[in-house]
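Along the sequence shown, residues carry numbers from 1. Keep in mind it's a predicted model, so treat the numbers as computed, not measured. Hydrogens, waters and symmetry mates are skipped; everything else that's a heavy atom, side chains included, is used. Ligands are counted one by one from 1 in listed order, and the atoms in each one are counted from 1 as well.
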Amino acid sequence: MAYETIIVETRRHVGLITLNRPKALNALCAQLVAELGQALDAFEADDEIGAIVLTGSEKAFAAGADIKEMAGKSFMDAYLADFITDGWERITTCRKPVIAAVAGFALGGGCEVAMMCDFILAADNAKFGQPEITLGIIPGAGGTQRLTRAVGKAKAMEMVLTGRMIDAAEAERAGLVSRVVPLAELVEEAVKVAEKIAGLSRPVVLMAKEAVNAAFETSLSQGIRFERRLFHATFATEDQKEGMAAFIEKRSPTFRNR
Ligand SMILES: CC(C)(O)CC(=O)SCCNC(=O)CCNC(=O)[C@H](O)C(C)(C)COP(=O)(O)OP(=O)(O)OC[C@H]1O[C@@H](n2cnc3c(N)ncnc32)[C@H](O)[C@@H]1OP(=O)(O)O
């Protein structure tokens with residue numbers, strides 16, 4: 001498949017997608033969002049791929065939705081097309097783990113796309129923000145919801161109401177990113193983490209992801225019941241037998257994704 005706005009590579013059972021509109025700081029135009037969805041579909045269907053890394057450039061993960069593409073839209077254009085819909089949400093329906101490796105600006109839709117991923121590794125130059133209010137709009141791809149769940153009401157409200165950006169250190173303190181790494185090591189570190197996940201039991205990884213995500217959709221008691229059922233289900237896998245046998249026999253496990 002030939003892509004124009006992203007670069008798609010495979011590294012050691014990891015699918016690596018690099019947003020590639022350098023002149024527009026990876027602004028998320030319709031073509032880029034469509035190509036991102038196609039690349040995710042391809043990696044999702046590829047049995048050799050166990051996890052996916054989404055990254056941008058050193059200057060920008062993505063500076064948001066493409067303002068030049070959006071500027072002339074009317075309410076009716078946006079409403080009838082349900083603007084910011086399926087294509088954008090494709091990341092959230094991906095069953096394989098998706099790691100955002102964020103360097104530089106992750107603003108507006110860029111921050112929202114990073115938050116759609118399962119977790120964010122940030123370079124020490126990363127900057128996160130929801131500046132939509134300064135354009136006369138509000139976040140439209142989940143920013144008010146996912147940011148609030150990630151960093152709490154006080155910080156989310158300040159960021160959304162003022163457009164203030166936070167740097168990588170503040171993002172880590174607030175719980176928006178899992179870790180901060182030096183810029184030069186970001187992509188390799190993200191691929192290494194993804195490779196570690198890809199080497200584990202595929203079905204059990206998917207169950208773990210489903211269980212954590214349930215925490216955002218259900219009550220505590222429903223979430224715990226859901227977790228318990230999936231935990232029970234892991235005992236039906238060959239990989240549980242292999243994982244525990246390997247521990248007892250003091251060797252590395254070989255998971256067969258069964
Ligand atoms: C998804 C929704 C619904 O939530 C909505 C959104 O995402 S709205 C968009 C939110 N994002 C922003 O408001 C950020 C806009 N960009 C900036 O504020 C700045 O570009 C910057 C602070 C990220 C970087 O500033 P600087 O280093 O000075 O670079 P620039 O000269 O401004 O930009 C270089 C080049 O990129 C173009 N650019 C940047 N961001 C966007 C964008 N979001 N859409 C379209 N184009 C963008 C910028 O126009 C420059 O290109 P030229 O005009 O020079 O051709």
- Message: Side chains of Gln240 and Thr237 only: does a donor on one sit below 3.5 Å from an acceptor on the other?
- Response: no
- Message: Under a 3.5 Å cutoff, is there a donor and acceptor pairing between the side chains of Thr5 and Gln31?
- Response: no
- Determine, step by step, whether Arg164 and Glu170 satisfy the salt bridge (Lys or Arg N to Asp or Glu O under 4.0 Å) criterion, reporting the C-alpha distance in whole Å, the side-chain angles of both residues, the deciding distance to 0.1 Å, and the verdict. CA-CA 12 Å; Arg164 181 173 81 84; Glu170 186 173 357; 2.7 Å; yes
Just list the N/O pairs, ligand 1 to protein, that are under 3.5 Å apart, with the distance for each.
| from | atom 1 | to | atom 2 | distance (Å) |
| --- | --- | --- | --- | --- |
| ligand 1 | 4 (O) | Glu112 | OE1 | 2.8 |
| ligand 1 | 4 (O) | Glu132 | OE2 | 2.6 |
| ligand 1 | 4 (O) | Gly140 | N | 3.2 |
| ligand 1 | 7 (O) | Ala65 | N | 2.9 |
| ligand 1 | 7 (O) | Gly109 | N | 2.8 |
| ligand 1 | 11 (N) | Ala63 | O | 3.0 |
| ligand 1 | 27 (O) | Lys59 | NZ | 2.7 |
| ligand 1 | 36 (O) | Lys23 | O | 3.3 |
| ligand 1 | 43 (N) | Ala63 | O | 2.9 |
| ligand 1 | 43 (N) | Ala65 | O | 3.0 |
| ligand 1 | 44 (N) | Ile67 | N | 2.9 |
| ligand 1 | 49 (O) | Lys68 | NZ | 3.2 |
| ligand 1 | 53 (O) | Lys68 | NZ | 3.0 |
| ligand 1 | 55 (O) | Lys68 | NZ | 3.4 |

- What residues form a side-chain contact (heavy atoms from CB on, under 4.5 Å) with Ala246, not counting sequence neighbours? Glu242, Arg251, Pro253
- Message: Per the ring-ring contact (aromatic ring centres under 6.0 Å, His included) rule, what does the pair list look like for residues 45-77, sequence neighbours excluded?
- Response: Phe75-Tyr79
If you look only at distance, which donor and acceptor atoms sit under 3.5 Å apart when one is on a side chain in residues 108-133 and the other is two or more places apart or in another chain?
| from | atom 1 | to | atom 2 | distance (Å) |
| --- | --- | --- | --- | --- |
| Glu112 | OE1 | Gly109 | N | 3.4 |
| Glu112 | OE2 | Gly140 | N | 3.4 |
| Glu112 | OE2 | Ala141 | N | 2.9 |
| Glu112 | OE2 | Gly142 | N | 3.3 |
| Glu112 | OE2 | Gly143 | N | 2.8 |
| Asp118 | OD1 | Lys209 | NZ | 3.3 |
| Asp118 | OD2 | Val98 | N | 2.7 |
| Asp118 | OD2 | Lys209 | NZ | 2.8 |
| Asp124 | OD1 | Leu183 | N | 3.3 |
| Asn125 | OD1 | Gly104 | N | 3.0 |
| Asn125 | ND2 | Glu58 | O | 3.0 |
| Gln130 | NE2 | Glu132 | OE1 | 3.2 |
| Gln130 | NE2 | Glu132 | OE2 | 3.1 |

